[in-house]
Amino acid sequence: MVEEKAKSLPMELSEKRGVENNGFVQNEALDDEETDTTSQEEMPKTCSVDVDPTAVEELLKPYAGMPKEVLLKFSSQARYRVTREILFWLIITAAVLLVCATIAIIALSPKCLDWWQASPIYRIYPRSFKDSNMDGNGDLKGIQEKLDHITYLNIKTIWITSFYKSPLKDLGYGAEDFYDIDPMFGSMSDFENLVAAIHDRGLKVIMDLIPNHTSDKHQWFQLSRNRTGKYTDYYIWQDCTQAAGSVTPPNNWVSVFGNSSWQFDDVRKQCYFHQFGKEQPDLNFRNLAVQQEIHDIIKFWLGKGIDGFSFSAVKYLLEATHLRDEPQVNKSQSQESITAYSQLYHDYTTTQVGMHDIIRSFRQTINQFSSEPGRYRFMGSDDDEKEDIEATMMYYGTTFIQEADFPFNFNLINMKNLSGNSIFEAVNLWMKNMPAGKWPNWAVGSPNAARISSRIGKEYVNVINMLLLTLPGTPVTYYGEEIGMENIASENVSEECMNSDPVVVTFPEKSPMQWDGKVNAGFTEGNSSWLPVNSDYQSVNVEIQMTGSNSTLNLYRELTSLRNNELPIHRGWMCYVWNDSNVFVYVRELDGLDRGFMMVLNFGQESTIDLKAIIPNLPSEAIIRLSTNFSNAGKAVNTKLIKTEMGEGLVLEYKTAKPVHTMEAFQGNCFVAEKACYSSAFNLLYVNC
């Protein structure tokens, strides 16, 4: 009886439930095998039962571990098919539009300014910046100690002048070893720590390289004078006669420092050629082995992590092989009396054919280290052609062959007098001759020129800095110009210092940086410095000017901030508006932006100018964004009556619907280096204006 009930149980379950749930059967195949082994007689007979399909569907619901047949039943039933298809195609369309928009933005976006374009460059003469070990000489650790000052100025690029191991003739520009640091400045470890600290702050560093010559203490020269192997022709040697203590040189060539550029060597019994001091023999760049040595030096320092080079004295790399006398400026002057560099035309000793090819080869070596994203390596050339602007522009390279990113521009330093007209001429000379698509730069101080305060007067320091930081391109500031330092007077230099280093008197613009009002201006904690600090250090120093409401330092900082944050000044158009003996006026604008900036800079005497008459579309009122007199900032001025005092500078901001660079009357007065247009709708820059 029990057995019959057990046999009838499956049939009853089937009749009542309609479907048997096998979801938890571990192994269906095994169950089938077991069923097959059972005789047909033992299988219970089931009867057919009519089942309502709707009831089956209600009973049949998804469950964990359902077999494939059940799963397929549910997957074949349409649920939200239209909604799913709409969402699918919306996602596909959005992805395509996003890709197209990204491609369009990339295609239309202007080239981003590189680091050497985006920030001013701060030039440091290391011996005079900061002494860290109390020996009276600035050093690399001292620069590292003062990196916060660089960031305070909103500057991101540092240019450190020569610090190679050197006998320090001509203040270190003749290297004894291109692969080592002069002990005066520290060690290679100090240099590596400095580079790491600079990069940790997001800054960049470039350094000098003077490939034209070495020190006569250099190992190459010592080997060359002894005619040792490949070094025999590393320098330029020529036979010359010596009699009764006097030397008859091969020709009339004169060194930059004066007197013959040939020096007799007692060891080799020949004369070697030197464009500069006799302790700085010129390398023979017609020797390919010499060129390779310079390439190896470039690779060494780039491998150390520097971000670029400034190549100095490169126009002297080659000399004519025919050794003819150079033509005299005054043809009636006797040859025996020619001793000054200015008395000859240097047709055979500067800018010879093949010189630019050598510089371009340096560029190619530098480019090998620029492939890493964000690590572009800069190359500048520090050669001042003065009167020959076309020769200067050749350092930019050509449309197809890259050379320097820019040759350093010293037009503002070389001015013979100061006025609104002379400033205009210096700026216009560069801008109208610069090749299309190239980037300008400006410098108002250097280790080889008198400081602004001493050259043109301290009353013009602020307006010169305003000019420097609002012109298009990269500004270069020589250390101390941000606080208005002056040359040291020769009477401040001790007799002992003059006797030990006569060059000190020649370059008084290299006096120690004035950090505070303490002894030695905070430059050193030692008893003395290699040069005396300027006597005005207690009133002209970084510490006191940081707290001064109308100081040169704070104005400089405001100007760098304005330059960094305002697109028209950062990369926009520049148009000359007016210049006369007193003022120089120009505007900075950006396509698509409905506001502009006008600089009214006074380099003469008190002046009043009607700008509305010059630019009829100019608004009748403008706001003083910045002024050399801080109390005027924020004030409104009438553009019909702009008054400036001697040495005063104004940055005016105004709204305009018609920028000056679009006006026909100013078409020949406008320049732009990296053209860009602003879209207010999308808040981005694009190129096709």
Side-chain angles (χ1 to χ4, degrees), residues 170 173-174 210-214 216 220-221 224 232-242 246-265 268 270-291 294 311-362 381-395 397 403-404 407 410 414:
D170 189 23
Y173 289 100
I210 306 94
N212 177 70
H213 53 266
T214 70
D216 58 358
W220 298 344
F221 185 75
S224 185
T232 301
D233 295 323
Y234 261 41
Y235 296 83
I236 300 165
W237 296 95
Q238 287 293 327
D239 292 330
C240 53
T241 58
Q242 184 182 36
S246 64
V247 176
T248 303
N251 53 35
N252 72 342
W253 294 355
V254 174
S255 82
V256 173
F257 295 157
N259 297 315
S260 176
S261 55
W262 296 97
Q263 180 69 27
F264 183 78
D265 181 61
R268 183 155 168 157
Q270 281 185 306
C271 283
Y272 63 84
F273 178 69
H274 59 90
Q275 294 263 29
F276 296 90
K278 60 182 175 60
E279 301 87 1
Q280 299 164 307
D282 274 38
L283 286 164
N284 177 15
F285 272 87
R286 298 192 186 277
N287 184 337
L288 295 180
V290 170
Q291 293 187 32
I294 303 302
F311 286 87
S312 297
V314 288
K315 71 178 180 181
Y316 304 103
L317 290 180
L318 293 176
E319 299 76 30
T321 56
H322 55 61
L323 300 181
R324 296 178 195 146
D325 284 352
E326 291 192 310
Q328 298 175 201
V329 174
N330 180 2
K331 296 186 185 301
S332 62
Q333 184 179 2
S334 64
Q335 284 210 12
E336 293 75 19
S337 63
I338 294 175
T339 58
Y341 193 72
S342 59
Q343 293 172 333
L344 295 175
Y345 293 112
H346 303 285
D347 297 342
Y348 307 141
T349 55
T350 62
T351 320
Q352 298 297 291
V353 175
M355 179 268 291
H356 282 284
D357 293 330
I358 295 173
I359 300 173
R360 290 164 190 165
S361 72
F362 296 161
S381 63
D382 185 6
D383 256 312
D384 188 3
E385 297 284 357
K386 291 186 171 66
E387 305 301 326
D388 194 350
I389 188 67
E390 291 182 2
T392 299
M393 293 300 154
M394 289 182 68
Y395 290 99
E403 200 166 320
F410 301 109
N414 294 335

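What you see below is based on every heavy atom in this structure, not just the backbone, and it leaves out hydrogens, waters and symmetry mates.
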Could you tell me whether the side chain of D325 reaches within less than 4.5 Å of the side chain of Q335, counting heavy atoms only? yes
Within this structure, what is the OG1-OH distance for the pair T321 and Y348, rounded to the nearest 0.5 Å? 11.5 Å
Looking at every non-hydrogen atom in both residues, tell me the closest pair between A313 and I210 and how far apart they are. CB-CG2, 4.2 Å
Taking side chain as C-beta onward, heavy atoms only, is D347 less than 4.5 Å from P327? yes
State, with a plain yes or no, whether a side-chain heavy atom of M394 is found less than 4.5 Å away from one of E403. no
Restricting to non-hydrogen atoms, name the atom on V329 and the atom on S342 that form the minimum distance, rounded to 0.1 Å. CG2-O, 3.4 Å
Polar side-chain atom of Q352 near backbone of T350 as donor-acceptor pair, under 3.5 Å: yes
Results of salt bridge (Lys or Arg N to Asp or Glu O under 4.0 Å) for E326 - residues two or more places apart only: none
Could you give the distance from OH (Y272) to CG (D282), rounded to the nearest 0.5 Å? 10.5 Å
M355 and F285: side-chain contact (heavy atoms from CB on, under 4.5 Å), yes or no, with the steps? CA-CA 9 Å; M355 179 268 291; F285 272 87; over 6 Å; no
Between Q291 and F362, is there a side-chain heavy-atom distance shorter than 4.5 Å? no
Pairwise side-chain contact, C240 with P249, heavy-atom cut-off 4.5 Å (strictly under): no
Nearest-0.5 Å distance, NE2 of residue H274 to OG1 of residue T214: 12.5 Å
Give me the one residue out of I338, L344, L323 that meets side chain to side chain contact (heavy atoms under 4.5 Å, CB included) with W253. L323
To the nearest 0.5 Å, what is the distance between CD1 (I358) and CG (L318)? 4.0 Å
Gap separating the CG atom of L317 from the OG1 atom of T349, nearest 0.5 angstrom: 12.0 Å
Sole residue of I236, D233, T232 in side chain to side chain contact (heavy atoms under 4.5 Å, CB included) with N287: D233
For C271 and V247, what are the C-alpha separation, side-chain angles and deciding distance, and is it a side-chain contact (heavy atoms from CB on, under 4.5 Å)? CA-CA 9 Å; C271 283; V247 176; 3.7 Å; yes
Is the ring centre of Y316 less than 6.0 Å from the ring centre of H213? no
For the atom pair CD (E279) and CZ (F221), what is the distance rounded to the nearest 0.5 Å? 10.5 Å
Taking all non-hydrogen atoms of both residues into account, name the closest pair between A340 and V254 and its distance. C-CG1, 3.8 Å
F273 ring center near W262 ring center (under 6.0 Å): yes
So, do L283 and Y235 sit near enough that their side-chain heavy atoms are less than 4.5 Å apart? yes
Indicate yes or no for a side-chain donor-acceptor contact from Q328 to the backbone of Q333 under 3.5 Å, with no hydrogens or angles considered. yes
Answer yes or no: is there a donor N or O on one side and an acceptor on the other, between the side chain of R268 and the main chain of S224, under 3.5 Å? yes
Tell me if the centroids of the rings in H356 and Y395 come within less than 6.0 Å of each other. yes
